[in-house]
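To keep things clear, I will list the structure first and then write my remarks on it.
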Amino acid sequence: MKSFIQNHQYQYIKSQIENLLQSKLTTHDTAVTEAIKTLTQEKVTGLFGKLSEDQKQLVGQVQHVEDEAEAIFFLSRLKQHVTPFPELHTDTIQSLFPKAKKLRLPDLESVDWNELSYFGWNDQGSGKKYIILFKDGKLIGVEGRTTFSQKPGICSICHEQEDVDLFTTRVKKSSKEESITRGNYICRNSNTCNKNLKNIHPLHRFIDSMT
């Protein structure tokens, strides 16, 4: 069976399982429990378009998860079918940021590409943050400056409350226009953001608004 699950879909399924197990602890009504199981299955299968019979059977097993041990086993099976983020190499990353003269990269060998919906890292020395995502069939790189925020806030990408920074870019649509600053708050830690991300559309909207 080919990989057919995106990372954000995997994270969504994981969150639904957590909700399902939590509901088992808070209700002892069999009818309610069965209804939640059915709803969970509908939500999970609704993430996908057309599925093969094998794929339907695999994701359909979500309604049979009864405890944490079964959840771990089920998620481990799903993880085998998650499509990894395209593995990036130094030359590729540098080509996405041609104006960055001193581009400091993180340790690419330590990156788990299976855990990513986008790749982001902070350059503490320059106060910049770099974001790479796969959109409309191609890799896109966005460079911006970050301003530290002392208070947690809602991330514009994952929509969860986390430690955030203000991410800003300078945008100039044409040579005749003056550049304008655009910005919004996003997770300081991109790995945390990826684990929170359950819907890819806010990520795409954020990137569109910054470019």
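The closest side-chain heavy-atom distance from Y185 to D165 is not below 4.5 Å. Two residues are said to be in side-chain contact when any heavy atoms from C-beta on lie closer than 4.5 Å; C187 and C158 meet this criterion. The shortest distance between side-chain heavy atoms of K24 and L21 falls below 4.5 Å. At least one side-chain heavy atom of P86 sits under 4.5 Å from a side-chain heavy atom of F134. No side-chain heavy atom of C155 sits less than 4.5 Å from a side-chain heavy atom of E160. Inter-residue side-chain proximity for N114 and P84 is flagged as met; some heavy-atom pair is nearer than 4.5 Å. The side-chain heavy atoms of T90 and T92, taken from C-beta on, include no pair separated by under 4.5 Å. Here the side chains of V142 and I140 are in contact, with some heavy-atom distance below 4.5 Å.
To the nearest 0.5 Å, atoms CG (L47) and CD (Q16) are separated by 8.0 Å. Between the CD atom of Q55 and the CZ atom of F4 there is a distance of 4.5 Å, given to the nearest 0.5 Å. Note that CG of N196 is 8.0 Å distant from CD of Q11, once rounded to the nearest 0.5 Å. Here CG of L88 is found 11.5 Å from CG of D91. Values are rounded to the nearest 0.5 Å. Atom CD of Q63 sits about 10.0 Å away from atom CZ of F74, to the nearest 0.5 Å. Between L203 atom CG and S156 atom OG the span is 11.0 Å, to the nearest 0.5 Å.
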Start with the C-alpha distance between F85 and F119, add both sets of side-chain angles, then the distance that settles ring pair (Phe, Tyr, Trp, His ring centres under 6.0 Å), and finish with yes or no. CA-CA 8 Å; F85 190 85; F119 180 50; 7.1 Å; no
Pair E66-K37, salt bridge (charged side-chain N to carboxylate O under 4.0 Å, His left out): steps then yes or no: CA-CA 10 Å; E66 299 289 342; K37 285 182 178 181; 2.8 Å; yes
Mind running salt bridge (charged side-chain N to carboxylate O under 4.0 Å, His left out) on E178 and R170 for me, showing each step along the way? CA-CA 10 Å; E178 293 185 3; R170 296 287 292 176; over 6 Å; no
Going through the checks in order, is the side chain to side chain contact (heavy atoms under 4.5 Å, CB included) test met by E70 and H64? CA-CA 9 Å; E70 291 183 2; H64 301 305; 5.7 Å; no
Go through L78 and K14 one step at a time and tell me if the side chain to side chain contact (heavy atoms under 4.5 Å, CB included) criterion holds. CA-CA 10 Å; L78 287 187; K14 185 177 179 180; over 6 Å; no
Evaluate side chain to side chain contact (heavy atoms under 4.5 Å, CB included) for N19 paired with T40, printing each intermediate quantity in order. CA-CA 9 Å; N19 293 340; T40 299; over 6 Å; no
I would like to know whether L133 and L139 meet side chain to side chain contact (heavy atoms under 4.5 Å, CB included); could you show each step before the answer? CA-CA 6 Å; L133 71 156; L139 286 171; over 6 Å; no
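Under a cut-off of 6.0 angstrom, the local environment of CZ in F48 is crowded, with over 12 non-hydrogen atoms contributed by other residues, nucleotides or ligands. The neighbour count for H201 NE2, taken as heavy atoms of other residues, nucleotides or ligands under 6.0 Å away, does not exceed 12. When the shell of 6.0 Å around CD of Q57 is examined, it contains 12 or fewer heavy atoms from other residues, nucleotides or ligands. The neighbour count for Y12 OH, taken as heavy atoms of other residues, nucleotides or ligands under 6.0 Å away, is above 12.
Counting all heavy atoms, side chain and backbone alike, S149 lies closest to R188 at O-NH2, 2.8 Å. The two residues I17 and L75 make their nearest non-hydrogen contact at CD1-CD2, 3.8 Å. Here the closest heavy-atom approach between residue K79 and residue Y10 is recorded as CD-CZ, 3.6 Å. V164 and G153 get closest at one heavy-atom pair: CG1-O, 3.5 Å. For the pair Q80 and S3, the tightest heavy-atom approach, listed with the atom from each and the gap, is O-OG, 4.2 Å. Across all non-hydrogen atoms, the minimal contact from M1 to L58 is SD-CD2, 4.2 Å.
Of the listed residues (K129, K128, K102, R104), just one forms a salt bridge (charged side-chain N to carboxylate O under 4.0 Å, His left out) with D123, and that residue is R104. Between W121 and the options V111, I93, I131, N189, a side-chain contact (heavy atoms from CB on, under 4.5 Å) holds for only I93.
Neither side chain, R182 nor T169, offers a donor N or O lying under 3.5 Å from an acceptor on the other. A donor atom on one side chain and an acceptor atom on the other are not found under 3.5 Å apart for N191 and E115.
For T27 (side chain) and S23 (main-chain N/O), no donor-acceptor pair under 3.5 Å exists by modelled atom type. At distances below 3.5 Å, at least one donor-acceptor pair connects side-chain atoms of N194 with backbone N or O atoms of S117.
Shown here are the ring pair (Phe, Tyr, Trp, His ring centres under 6.0 Å) partners of F167, two or more places apart in sequence or in another chain: F206. Not counting sequence neighbours, the partners of F97 by the ring pair (Phe, Tyr, Trp, His ring centres under 6.0 Å) test are Y130.
Under the 4.5 Å side-chain heavy-atom criterion for ILVMFWY residues, no single connected hydrophobic cluster contains both F73 and V62. The cluster map of Ile, Leu, Val, Met, Phe, Trp and Tyr, joined by side-chain heavy atoms under 4.5 Å apart, puts L116 and L108 in the same cluster.
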